[in-house]
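The model shown is predicted, which means the values in this text are computed figures rather than measured ones. So that the names make sense, note that chain A is the first sequence line, chain B the second, and so on, each numbered from 1.
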Amino acid sequence: MLDKTFRPDEVERAHYSDWESNGLFKARADANADPYTIVIPPPNVTGSLHMGHALNNTLQDVLIRVHRMQGRNTLWQPGTDHAGIATQMVVERQLGEQGVTRHDLGRDAFIDKVWDWKAESGGTITRQLRRLGASCDWSRERFTMDDGLSDAVKKVFVALHKKGLIYRDKRLVNWDPKLHTAISDLEVEQREVAGKLWHFRYPIEGREGEFITVATTRPETMLGDTGVAVHPEDERYLSLIGKYCIQPITGQRLLIVGDDYADPEQGSGAVKMTPAHDFNDFDVGKRHDLEMINIFDADAHVNENAPEAYQGLDRFVARDRIVAQMDELGLLEKIDEHPHTVPHGDRSGVPVEPWLTDQWFVNAEVLAKPAIEAVEQGRTKIVPKQWEATYYDWMRNIQPWCISRQIWWGHRIPAWYAEDGTIFVEETEEAALKAAAAHFGRDVKLSQDSDVLDTWFSSALWPFSTLGWPEQTPELERFYPTDVLVTGFDILFFWVARMMMMGIEFMGTEPFHTVYLHGLVRDENGQKMSKSKGNVIDPLSLIDKYGADALRFTLCTMEVQGRDVKLSEKRVEGYRNFSTKLWNAARFCQMNECRNVEGFRPAAVTQTVNGWIISEVVRTAAQVNRAVAAYRFNDIADTVYHFAWHNFCDWYLELIKPVLQGEDSPEKAECQATAAWALDQILLLLHPVMPFITSELWSSMGEGREALMSQQWPEYPDSMVDSTAIDDVEWVIRVISAIRGVRSEMNIKPGAKIPLLVKDASETSLRRLEQLAEPLQRLARLESVDTSVTEAPQGAVQQVVDEATYMLPVAEVIDISEEKSRLEKEISRLDGEIDRFDKKLNNENFTSRAPAEVVAEQQAKREAAVVQREKVEEALGRITEL
RNA sequence: GGGCGCGUAGCUCAGCGGGAGAGCACUCGCUUCACACGCGAGGGGUCGCUGGUUCAAUCCCAGCCGUGCCCACCA
């Protein structure tokens, strides 16, 4: 016998280890079944499970479990990401607590430390995914820095370099002065700051007392000014184009150039040019051959190219000094308040500095073309569809991807330099040496590039590198391309787009057929969860408190087509209650010996209620299957919830109670078997969302049954729906509800039994009364049912349901005036309704233009209202007589 | 500046060309022998505003207002 409540913590771990140790998560490279593959978005190896992971992996697990039960050869490929900067920062912080920097250790020792840290804490996230119930094939777990995956990275780098799609270039990049590395455009986030706009006067060379006014938000860059731009058609400045002005602090001569970039409407119409520290100025500088003076070092401190007084200053200190000095010189014209956005490093949080350096780039434009076509031609579908526009927009305007990072943790760039600077890009040092020897005609010394690759470079290969590429493995053959990628929209560009490019380039076909993009998990007020706001909800603590199933169900039911999920603990609690409900339904079945019957044939049942619940199962399964196919996760969860609670528990179990509690009979046996079967179907349909409780109940409902997760997924033909049974049971539900409504409204004691009188019953109604009399009497608390009535007794309350009038002789227990006003209200409501229908039906436009069946439908509704009104009128008449 | 969402019951949200639904919350009543993490019965909404299309608009279209996010080189 089951306990009174479900205790998730007692069974979850046991079930999970059973599944895992019995190999139920394993995919088979040699199996014939149609494969179904999902690669996990690899979490940071040193990370821990947050709510975003919980959502992401719940959705994947739902898809994986459904398809596994459908008999597909299912691979959920797990693994973790080395997360270059993030991981390096974590380890550096740890070292920092001991007063050690990575430079104290040196590169090799530091990297050893990171590996130690990985060995120590790298299992956290995968353990936590197990607690969530994720049915990954852990035997195939990969790490982006595994040997095999590193080989893939090298191979890809070399191949793209040979094709000219990876190249080294000296360009302005986003430099993070705190982390001392270049970062890609995507790692830059714009932050609104309350800045200022300073207007300065620059003296014109050779024209005493004449100035040109320039405005800037970054006075410190004045140290690197090499020009001033004005619009070529701006009449104010026409005479100055080609002349020089003087940078008052550096004394630099600044050529005044005419360039379309200068906007006459903005500021003074003249803009100072700092080509080495601004992306726009860089372009203008190139066009006009302006000098590029780099004035910052890697810390964004002023370097030796600036006047001595400024050297070594932090950029913001330098800014203040420059403003002060310009003011002293009388050249500060004005200062405007100027809120604007400033680019910040997403990891470091400090403003990034455009900085001129040598970096490695991927020519993304070429790789993007076929990746755009794959979506245009529908080979890869993005769900929800509106993200396709975002994808196109970014891909069509894609910029070169800066892939080199000046950090230590990551894939070292496979490029070697000879002393004269010649570059050899090869997969191994040996190959590079050989190439160099061939090039120089003698053996030479080479040194490897000290940079590592952007983390997303290796992640971009994930769908095929995890399957063994560049080896031609059976896994690669079988499981690539994958079926669906489930991830957050926030990494559409970082990751999805790049997997598309790399997958197509190296595998010849796109890495997945469908990309499902879900939203962010926010708190119940729609706020982003963040440590500083203190509104972070830890999934593990919710699992501890309510069980993994409750959390999973909540995330699933809140996931509506990629919209953000607003999570409240209250909601989780509510779905924990659902699992208790389910638990007790099973308990009830057990108590009433509803056992699974070998060879039970749903189509062969004879009892109406059984036919009904079976039909509802069939409908529910169909609805769930539609929801799965459409990635409507909320519908999957809601559909089963509604069926389990409101059909199975509220009505079916209540309806069969009298039979179950009666004498043994064929009817009772059929109800027991049907109940057991229907409960099984709930467990099957719910298993992908709530794997633990369903498995627990599955095994407790039958001795020695095989694991639920390897059972056949429910799919039934529509022909199994018995619409007569549905109509009949829906009828009895309506009648019972109507009677209960009257009892409640009339304030009739719950225990009091009163007779039900029925008149004008049609044949169908009579049949139903006969067939469903027992549950009707019990659930509506009736003393008896009398169908021989021809006249309503005085003061009987009447309810018309379908083709019969149901009356409760309650004159002595009710307040007549209340009942009168109730009926009067009902009549005026019906009058309004009838009026509306009349208006519509008398409208020729409607009757001639609307489809015939719509008109008929409206007519029928009107008639029903009229009949109802007559009945109520009669009842009112009788009450008035009292 | 460009793009994408969202405004429906007190809250969180489904829905969608033929007079609106769920969960939670609320009110009332229940020690009904599976479940009080429960059972039953209720109250509550000019479906953001204004126009248009249509016989018919919460639903389609346009504009506006509010709100959120993404992208962008604006001194």
Side-chain angles (χ1 to χ4, degrees), chain A residues 2 4-6 185-186 190 197-199 214-218 221 229 261-263 265-274 278-283 338 340-341 343 354 384 386-387 389-390 393-394 397 489-490 492-493 519-520 522 524-526 528 546 550 557-558 560 562-564 566-568 570-571 573-592 632 634-635 638 641-642 649-650 653-654 657 661 736-737 740-745 747-751 778-779 781 832-833 836-837 840 843-851 854-855 857-858 861:
Chain A
L2 291 166
K4 215 166 167 181
T5 53
F6 172 52
D185 296 345
L186 288 175
Q190 302 292 335
L197 187 59
W198 286 270
H199 297 253
V214 296
T216 181
T217 54
R218 303 197 55 203
T221 61
Y261 166 67
D263 179 356
E265 308 288 314
Q266 284 281 345
S268 61
V271 55
K272 68 184 204 59
M273 290 291 115
T274 318
D278 183 285
F279 289 97
N280 289 310
D281 296 5
F282 182 84
D283 292 340
H338 186 70
H340 61 129
T341 59
Q386 69 259 20
W387 286 106
T390 310
D393 189 54
W394 189 72
N397 299 297
F489 64 78
D490 50 327
L492 176 60
F493 306 144
L520 252 46
R522 299 169 175 279
E524 56 198 309
N525 302 313
K528 217 166 171 170
Y546 302 106
T557 193
M558 301 293 286
V560 181
R563 299 202 191 139
D564 287 350
K566 284 178 201 156
L567 187 76
S568 78
K570 206 86 187 127
R571 200 87 185 198
E573 191 187 330
Y575 293 122
R576 186 274 321 267
N577 295 352
F578 172 57
S579 55
T580 308
K581 183 74 181 178
L582 192 66
W583 184 263
N584 277 287
R587 187 160 170 261
F588 175 83
C589 288
Q590 263 191 3
M591 290 168 71
N592 287 284
R632 308 210 34 136
N634 59 323
D635 284 348
D638 292 347
Y641 178 96
H642 185 267
C649 290
D650 285 355
L653 292 183
E654 295 300 333
K657 261 181 190 173
Q661 285 161 10
I736 291 167
S737 298
R740 280 171 171 173
V742 170
R743 293 183 63 116
S744 174
E745 210 168 325
N747 213 355
I748 299 167
K749 286 267 173 295
R778 182 176 180 279
L779 296 175
R781 295 182 178 272
E833 202 169 295
R836 273 197 308 264
F837 285 123
K840 185 175 239 178
N843 182 344
E844 225 174 285
N845 280 327
F846 171 67
T847 49
S848 62
R849 309 285 290 270
V854 172
V855 177
E857 193 184 292
Q858 298 285 309
K861 280 185 183 172

Could you tell me which nucleotide pairs with B/C69 by Watson-Crick or G-U wobble geometry, both distances under 3.5 Å, or answer none if nothing does? B/G3
What one-letter contact string describes nucleotides 23-33 of chain B from 5' to 3', where B marks a base within less than 4.0 Å of any protein heavy atom, S marks contact via sugar-phosphate atoms alone, and - marks no contact? B--------B-
Quantified in whole Å, what is the P atom distance between nucleotide B/A41 and nucleotide B/C49? 33 Å
By nearest atom, which of the nucleotides B/G68, B/C13, B/G40 is closest to the A/Lys566 side chain? B/C13
Would you measure the distance from the P atom in B/C65 across to the matching atom in B/C26 and give it in whole Å? 39 Å
Treat primed atoms plus P, OP1 and OP2 as sugar-phosphate and everything else as base, then score nucleotides 70-75 of chain B 5' to 3': B for base contact with protein heavy atoms under 4.0 Å, S for sugar-phosphate contact only, - for none. ---BBB
Taking the minimum atom-to-atom distance to the side chain of A/Ala850, which one of B/A34, B/G40, B/G18 wins? B/G18
What is the base-pairing partner of B/C60, counting Watson-Crick and G-U wobble geometry with both distances under 3.5 Å? B/G52
On a whole-Å scale, what distance lies between the P atoms belonging to B/C33 and B/G43? 28 Å
Given the side-chain rings of A/Tyr575 and A/Tyr546, with only the six-membered ring counted for Trp, is the space between their centroids under 6.0 Å? no
Closest to side chain of A/Phe846, choosing from B/G18, B/C4, B/A41: B/G18
B/G21 versus B/G15 - spacing of their C1' atoms, nearest Å: 7 Å
Give A/Val560 one of three labels, base, sugar-phosphate or nothing, depending on what nucleic acid heavy atoms sit under 4.0 Å from its own. sugar-phosphate
Could you let me know what B/G44 is paired to, Watson-Crick or G-U wobble, both distances under 3.5 Å, or none if it's on its own? none
Closest listed nucleotide, where the reference is the side chain of A/Gln858 and the choices are B/G18, B/G38, B/C69: B/G18
Between A/Arg576 and A/Ile736, whichever has its closest RNA chain B nucleotide further toward 5' is A/Arg576
Taking for each residue the nucleotide of RNA chain B with the nearest heavy atom, is it A/Val742 or A/Ser579 whose nucleotide lies nearer the 5' end? A/Ser579
How far, in whole Å, is B/U8 from B/C30 if one measures between their C1' atoms? 33 Å
